[in-house]
Amino acid sequence: QKEVEQNSGPLSVPEGAIASLNCTYSDRGSQSFFWYRQYSGKSPELIMSIYSNGDKEDGRFTAQLNKASQYVSLLIRDSQPSDSATYLCAVVNAGNNRKLIWGLGTSLAVNP
Amino acid sequence: DGGITQSPKYLFRKEGQNVTLSCEQNLNHDAMYWYRQDPGQGLRLIYYSQIVNDFQKGDIAEGYSVSREKKESFPLTVTSAQKNPTAFYLCASSSGGGAANVLTFGAGSRLTVL
């Protein structure tokens, strides 16, 4: 089992819809969770960080964390073509010298 | 503006040559990192440094070397011992404390071995 798992996609949604991206992790002791967006050929940029169970909203983005079920998700409301990118989930692994463990990313395509 | 500058953006290397990728940050961050990204393999940590004059191997350090003589600079040398160096190399930094793992990335350097 990989430490951080994401569906590779591509996830395709129409413009204006809600895009839902999911990430599961294996280390139950993990405390810090991050979503990064990476456009093709570019470097990752931080979208959201979340540390407590529940929802965290920032504009059109909502991160959801459920530590009991060991998943973290990212919802993008009113999806725009400019949201088309790969979304990387990253988790701080409490059992491995607090290293940042990366998922392989989910490719999102928002169709006009 | 504060940020991380990587150079060169594109680099071509002949087999057997060492190359050095530059990474400079003016964010006053203590920690700096080098990652390698290959298609379908995600981000893999090469080396990281949490303080000047100290650095640790990441998951794939073989064939690479680094130095951290200044807080602002963390150059990566890809040596001839690295058997498959063609990849996208990303430098990142983070501040300490609670934001220790909030990374800011440079624009990346794409290395191609001819």
Side-chain angles (χ1 to χ4, degrees), chain A residues 1-10 21 23-27 29-52 56 58 61 63 65 72 74 85-107, chain B residues 1-10 21 23 25 27 29-50 54-61 87-112:
Chain A
Q1 179 188 5
K2 293 183 179 177
E3 293 177 273
V4 176
E5 291 202 61
Q6 300 180 251
N7 289 325
S8 61
L21 305 163
C23 172
T24 59
Y25 59 94
S26 61
D27 185 350
S30 297
Q31 297 294 324
S32 304
F33 308 85
F34 306 92
W35 283 100
Y36 285 79
R37 177 177 63 198
Q38 186 175 25
Y39 292 114
S40 180
K42 304 297 185 183
S43 60
E45 56 180 328
L46 181 70
I47 297 295
M48 294 281 286
S49 59
I50 187 167
Y51 306 97
S52 304
K56 179 182 178 183
D58 184 1
F61 298 95
L65 176 60
V72 55
L74 180 70
T86 296
Y87 290 81
L88 304 174
C89 174
V91 177
V92 176
N93 189 336
N96 195 14
N97 198 25
R98 293 185 56 78
K99 283 173 56 178
L100 193 59
I101 309 299
W102 295 84
L104 298 184
T106 297
S107 176
Chain B
D1 288 338
I4 300 178
T5 300
Q6 288 188 242
S7 62
K9 189 172 182 178
Y10 299 96
L21 308 181
C23 178
Q25 56 102 355
L27 299 166
H29 283 172
D30 290 314
M32 297 187 74
Y33 311 80
W34 274 105
Y35 284 93
R36 169 179 173 148
Q37 189 174 38
D38 298 273
Q41 295 205 43
L43 289 168
R44 292 186 290 170
L45 183 64
I46 304 172
Y47 269 99
Y48 64 102
S49 167
Q50 295 178 310
D54 189 39
F55 49 83
Q56 287 77 40
K57 294 181 179 180
D59 300 316
I60 55 165
F88 188 42
Y89 290 89
L90 290 160
C91 179
S93 69
S94 69
S95 61
N101 292 109
V102 176
L103 300 184
T104 301
F105 285 88
S109 293
R110 195 169 297 277
L111 172 63
T112 302

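Proteins come first, then strands; the chains are lettered A, B, ... in the order of their sequence lines, and each starts at number 1.
- Annotation: side chain to side chain contact (heavy atoms under 4.5 Å, CB included) contacts of Asp30(B) (sequence neighbours excluded): Lys71(B).
- Residue Arg110(B) touches chain A through its side chain alone, counting heavy-atom pairs closer than 4.5 Å.
- Taking both residues in full, the closest heavy atoms of Ser43(A) and Ala107(B) are given as OG-CA, 3.9 Å, listed atom of the first, atom of the second, then distance.
- Among the candidates Thr86(A), Leu88(A), Val92(A), the residue making the largest number of heavy-atom pairs closer than 4.5 Å to chain B is Val92(A).
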* Go through the steps to decide whether Leu43(B) and Tyr36(A) satisfy the test side-chain contact (heavy atoms from CB on, under 4.5 Å), and finish with yes or no. => CA-CA 12 Å; Leu43(B) 289 168; Tyr36(A) 285 79; over 6 Å; no

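- A pairwise comparison of heavy atoms in Gly40(B) and Leu104(A) identifies O-CD1, 3.8 Å as the closest pair.
- The part of Gln37(B) that comes within reach of chain A is its side chain, from C-beta onward, which places non-hydrogen atoms under 4.5 angstrom from that chain.
- The shortest non-hydrogen separation linking Gln38(A) to Phe88(B) is NE2-CE2, 4.2 Å.
- Counting heavy-atom pairs under 4.5 Å between each of Ala90(A), Gly103(A), Pro44(A) and chain B puts Pro44(A) at the top.
- The distance from the CG atom of Leu100(A) to the OH atom of Tyr48(B) is 12.0 Å, given to the nearest 0.5 Å.
- Remark: Asn101(B) CG to Asn93(A) CG distance equals 10.5 Å, nearest 0.5 Å.
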